[in-house]
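What follows is a short report on a single structure.
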2 protein chains.
Amino acid sequence: MSAAASVVLGAVLRHGPIARSALARACGLSPAAVTRACAALSDLGLLVEVPEAVPYQGIGRPHVPVDIDTTRHVVAGIHVAHLHCTLTLVDLRGGVLVRREIPHGTPDDPHEVLTTAADQLLALHAERLPGHIPIGLGVAAGGWVDPAHGVIVRHASLGWRDTEVRDLLTARTGLPVRVDSHARALARAEQLFGAARGRESLLHLFVGNVVGAAIVTGGAAHLGPRAAAGDVAHLALGDPAVTCACGKRGCLEATVSDRAWATRAFRAGVISRPLIFDLVDAALAGSAEAKANLAERARLVGRAAAVLFDFLDPEVLVVTELGTNRLPSCAAALRDEVAAMSRASGDVVLASSFGEDVLAVAAGAVQLDALYADPLSIRNPVWQGV
Amino acid sequence: MSAAASVVLGAVLRHGPIARSALARACGLSPAAVTRACAALSDLGLLVEVPEAVPYQGIGRPHVPVDIDTTRHVVAGIHVAHLHCTLTLVDLRGGVLVRREIPHGTPDDPHEVLTTAADQLLALHAERLPGHIPIGLGVAAGGWVDPAHGVIVRHASLGWRDTEVRDLLTARTGLPVRVDSHARALARAEQLFGAARGRESLLHLFVGNVVGAAIVTGGAAHLGPRAAAGDVAHLALGDPAVTCACGKRGCLEATVSDRAWATRAFRAGVISRPLIFDLVDAALAGSAEAKANLAERARLVGRAAAVLFDFLDPEVLVVTELGTNRLPSCAAALRDEVAAMSRASGDVVLASSFGEDVLAVAAGAVQLDALYADPLSIRNPVWQGV
DNA sequence: GCGTTTATCTTTCACGTTGGAAGAAACTGC
DNA sequence: GCAGTTTCTTCCAACGTGAAAGATAAACGC
């Protein structure tokens, strides 16, 4: 309920260890309100005082910086990919504490995949971080996801339809469960912990086997009435010469998705198997041909991003894509292309902040999003007793 | 400040004459809160009781419907077009009470154009509606406008740059002044009084001599850090064969703007002068060639709109364009094209609600937007005295 | 015709959140 | 050790809200 608590916790997250007096200025709240909010958040184990963190130099009573307490709670995350689930335990700053990948038993059976993942995640928690109280469980998946109902409407690669995730896993784990799409989860992560920290608008373009986008305006993700906002997979922003499985021409996904591009590179003789990792590895190993090939993809992604950027005009554009995230030359190609084709200046175009941990962070961010929106809702009876 | 007053006034606007009890249900407020809000709004002359409006049939104490009081206040509007200003006095329901067009004296002198318009508008008010208290002045213009600073950054056709409108006209008229772009003003009008009534997301595409869009998400217009959101004029969504004055190919504005399309139709021999009105008049007079020509434009607009729609996934798409607004066949062509090229079903694609009055309503809506956002800010000392 | 029933609207009161002001606390400088 | 300074806390009044009780105005039933 208390709006102040949410604002204060968000400001602490952004500004690191920070004194209450500075918080009051940063949040536009009275000192009294900040004290009250900090007390409440401290009682819940979300905030700690760290007197030694920022030594006080000046005159007067020394300040007592507060910071996010990452030692008490964890957030669990499940990312449902094509061949495996990524299980994660993430702290309140989005730091990945534990990560494990488990292959799907029976990919056609959502119930089995999800309950197995949840069970293993609980076991992982009991084994590795028994002292951390789990706040909730976030589930991220590529494709069309309806976070309002906790449903994977259409999983991008597994063919699942209208899979009710939230109710299933809440019953199974007893934790609050939130579900969201890949692209939106990562957008929120960028906004909380990454490049878009503190920004109120953001366009996040995710290019993997799935291609998707997330639109953040006014500080909140825009879902659309069908939760389909940002579905750019089949926009005609790609190569017009490519015919997509959907029947249309020039679909973005058919042009630049991992699978599509790997196939294209394979046919062009750049790699010997149609696997994107082969292409990236070759580029990392120094192959000029592979580098040029990936830069070409980055430019195609950039051309599409330029259109979306100019239309939406967000504060930041973040692109999550294997090549640009690992190869500076690709990131530069992307940036140049966007700058050339749009009003965006180079400094608002950024590669994902999360490196290898993208999937792990995404899954956790789904739940952390909810925490930072309403921190006082964490009324965990287990914790209250300690 | 009171959030309830804004919510209540908005609900009254949407639901016409409505009983307080029904308002409480519609707004999710307690009856007490509604009573208080209505009393405050009544005192300000924004609301009236209309006991006879909805005769009560059932048992129990009869309800007393309340409605927007359109008899006390007016909002002034100035729309700055290429050759003239449209001056308007609009009531609180967006109804145009007075409209007058005045040609620019010296189009190159923003100061002269704006002050003349403001002076004439004040005179018009004194002459025609002296009993109505002016709440404020809205200014709408095509191009790049920064409403946060009240500045026309770049007028689309007059070549004005960084014209400070708000401060100039506040000083001149003593009224609160708000400035916004054409596309956003009309989007807000659609949301308040038109097709998008009560919707929280909306994409409005405006096609005139200027081509622009407005993005509404979460109930509020998205501006972007430079107030440039929705600038679709130079997106490559038009005919790739067309080269734009900006140097790029396929720009939307170079393809479908009034001027560009009229020129194209003129060259094709459909009309004898490159004037869009000739084309529309011919079509209205029954010319099959002109109709086909305008339907082709509607389809091109639809193709561009489809991409933007699928990306943003708004609840409604509203297109303001001369042909589709006046010719059912064009509206149908647009609808069909959007439905074919996007996920949008036909019923979310709508032509503008305001017919001949588009410009007049747009100018007024800029200020009405502010009124409905914070009705209690109308502390007009003149009114308080009555 | 008069009390009962029903629904609308208003008033009263308690609650929660906030900012302002005063006070307590902790340190420096003289 | 005392003034000066800044941080943080406590107390209190203001505000907006919902719940509940009360007032009001009609139809209904006998």
Side-chain angles (χ1 to χ4, degrees), chain A residues 1-12 15-44 47-67 373-379, chain B residues 1-12 15-44 46-67 373-377 379:
Chain A
M1 281 297 123
S2 161
S6 171
V7 173
V8 165
L9 193 64
V12 173
H15 299 110
I18 180 174
R20 276 171 255 245
S21 51
L23 271 176
R25 286 187 291 271
C27 300
L29 290 167
S30 67
V34 172
T35 288
R36 276 188 297 263
C38 286
L41 294 168
S42 245
D43 287 348
L44 291 171
L47 222 59
V48 272
E49 300 193 338
V50 279
E52 69 291 351
V54 185
Y56 190 70
Q57 307 294 357
I59 225 164
R61 173 175 171 175
H63 62 197
V64 182
V66 293
D67 202 0
D374 185 10
L376 300 190
S377 66
I378 313 290
R379 305 238 172 252
Chain B
M1 281 296 125
S2 161
S6 171
V7 173
V8 165
L9 193 64
V12 173
H15 299 111
I18 179 174
R20 277 172 253 247
S21 51
L23 271 176
R25 287 187 291 271
C27 300
L29 290 167
S30 66
V34 173
T35 289
R36 275 187 298 263
C38 286
L41 294 169
S42 245
D43 288 347
L44 291 171
L46 300 174
L47 223 59
V48 270
E49 299 194 339
V50 280
E52 68 291 350
V54 185
Y56 190 70
Q57 308 293 359
I59 225 165
R61 172 176 172 174
H63 61 197
V64 183
V66 293
D67 202 0
D374 185 9
L376 300 190
S377 67
R379 304 238 172 253

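Model, not experiment: these values are computed from the prediction. Here is the naming used below: chain letters follow the sequence lines, and residue numbers restart at 1 for every chain.
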Exercise. What one-letter contact string describes nucleotides 17-23 of chain D from 5' to 3', where B marks a base within less than 4.0 Å of any protein heavy atom, S marks contact via sugar-phosphate atoms alone, and - marks no contact?
Worked result: BBB---B
Problem set entry | Sidechain-backbone polar pair: B/S6 side chain, B/A3 backbone, donor-acceptor under 3.5 Å | no
For this session: Look at the side chain of A/S42 and the backbone N and O of A/V48, then say whether any donor-acceptor pair between them is shorter than 3.5 Å.
Result: no
Seminar exercise, completed: A/T35 has its side chain closest, among C/dT10, D/dA25, D/dT9, to D/dT9
Exercise. How would you label the contact of A/S21 with the nucleic acid (heavy atoms, under 4.0 Å): base, sugar-phosphate, or nothing?
Worked result: sugar-phosphate
Problem set entry | Sugar-phosphate only, base, or nothing, as touched by B/V34 at under 4.0 Å among non-hydrogen atoms | nothing
Roughly, in whole Å, what's the span from [atom1] in [X] to [atom2] in [N]?
X: A/R20; N: C/dA25; atom1: CZ; atom2: C1'; result: 13 Å
X: A/I18; N: D/dC8; atom1: CD1; atom2: P; result: 10 Å
X: A/I59; N: C/dC27; atom1: CD1; atom2: C1'; result: 9 Å
X: A/L376; N: C/dT17; atom1: CG; atom2: P; result: 8 Å
X: A/E49; N: D/dC8; atom1: CD; atom2: C1'; result: 10 Å

Exercise. For the residue pair A/A11 and A/C27, what are the closest heavy atoms and their distance?
Worked result: CB-SG, 3.6 Å
Exercise. Minimum heavy-atom separation for A/A5 to A/A37, with atom names?
Worked result: CA-CB, 4.0 Å
Problem set entry | Positive for side chain to side chain contact (heavy atoms under 4.5 Å, CB included) with A/V66, one of A/V12, A/V34, A/V8 | A/V12
For this session: May I have the step-by-step check of side-chain contact (heavy atoms from CB on, under 4.5 Å) for B/D67 and B/L47, ending in yes or no?
Result: CA-CA 6 Å; B/D67 202 0; B/L47 223 59; over 6 Å; no
